[in-house]
2 protein chains.
Amino acid sequence: MATRLGEKLYELRKKRVFTLDKLAELSGLSKSYIWELENKESQRPSAEKLTALADVLGVSASYFIEEDVRQPEERHLDEAFFRNYQKLEPDSKQQLRKILDTFKKKP
Amino acid sequence: MATRLGEKLYELRKKRVFTLDKLAELSGLSKSYIWELENKESQRPSAEKLTALADVLGVSASYFIEEDVRQPEERHLDEAFFRNYQKLEPDSKQQLRKILDTFKKKP
DNA sequence: ATAAAATATTCGGAATAGCGAACTTTAAGT
DNA sequence: ACTTAAAGTTCGCTATTCCGAATATTTTAT
């Protein structure tokens, strides 16, 4: 699993079988800039541009943004869990929240 | 609840009782720029800066970025829930995931 | 093997993010 | 009311984002 932005972008783009041109067209960014995001270090792209790319590539913007200390596997589980949680009825959510409280870490 | 970035920022800053100077110090941004984010339209801040602010203000970066169809209170509860969930031990997480499964699309 | 087409990379420059410092307003104390 | 300090606002400037067009490379077809 990719760790820095450029790798994540490249990986996703290849997975979707997009060319730079195609991704540029779909996201509204220029292909030259996408290329720079993939290949140059220390870019500081706007949240807006990242979100546009994330939308097209089918991930959340935070996937690009947040560097994470969790192992990819665990992170993946966590995100899937949260996606499922969000789809629940409010009642079920509340029940889960209560259950979570009882689990809270004891240091 | 605030909908655009400036409002969200201002609201959170006031809630935490931070001055511009204080928030600037804590986040590493300049206070003039934070003021512009709060007060000027059509800013395009970098994800990096937004993340710095989000960290200090105790929200997720995506709170600033993603617009959401959920009601604000529900969204807030969801996010708080996920933040808590992530801090759990892996075993606890797994238990919760199993419980979530039993809740899935139950009318 | 060569041409044509598709894809990737480089580059110059306009637009603007983001800063420091100066300035203005508000709040607090005497 | 006057002073001082704290908070907010403006402004000029530099660095960086982000683009379009040109160029280079790879792929595909003949």
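Residue numbers start from 1 in every chain, and the chains themselves are labelled A, B, ... in the order their sequence lines are given, proteins ahead of strands.
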In whole angstrom, give the distance that lies between atom CD of A:Glu38 and atom P of D:dC18.
15 Å
Going by an N to O cut-off under 4.0 Å, is there a salt bridge joining A:Glu11 and A:Lys8?
no
Which whole-number value in Å describes the distance from B:Gln43 CD to D:dT17 P?
16 Å
Same cluster (ILVMFWY, side-chain, under 4.5 Å), A:Phe18 and A:Leu20
yes
For the pair B:Arg16 (side chain) and B:Leu57 (backbone), establish whether a donor and an acceptor sit closer than 3.5 Å, ignoring hydrogens and angles.
yes
Distance-only, no hydrogens or angles: does the B:Ser62 side chain make a donor-acceptor pair with backbone N or O of B:Ile65 under 3.5 Å?
no
Between A:Glu38 and A:Arg13, does any side-chain N to carboxylate O distance fall below 4.0 Å?
yes
Distance check needed: C:dT16 P versus B:Glu48 CD, whole Å only.
21 Å
Testing the basics here: between A:Thr51 and A:Ala61, what is the closest heavy-atom pair and its distance to 0.1 Å?
OG1-CB, 3.9 Å
Atom-pair distance (NZ on A:Lys40; P on D:dC18), nearest Å
14 Å
In whole Å, I'd like the distance from the CG atom of B:Asp21 to the C1' atom of D:dA6.
8 Å
Nucleic acid contacts - residues 29-37 of chain A versus DNA chain C, non-hydrogen atoms under 4.0 Å
A:Lys31, A:Ser32, A:Trp35, A:Glu36
So which nucleotide from D:dG8, C:dG18, C:dT7 ends up closest to the side chain of B:Lys49?
C:dG18
Under-4.0 Å side-chain N/O to phosphate OP1/OP2 contact, A:Arg44 with C:dG18
yes
Assign each of B:Gly28 and A:Asn39 to its nearest nucleotide of DNA chain C by heavy atoms, then name whichever residue's nucleotide is nearer the 5' end.
A:Asn39
Flag for A:Arg97-B:Tyr85: side-chain donor and acceptor within less than 3.5 Å
no
To the nearest Å, give me how far apart CZ (A:Arg16) and P (C:dT7) are.
18 Å
If I take atom CG in residue A:Leu20 and atom P in nucleotide D:dC18, what distance separates them, rounded to the nearest angstrom?
16 Å
C:dT7, OP1 or OP2 - any side-chain N/O from A:Arg13 closer than 4.0 Å?
no
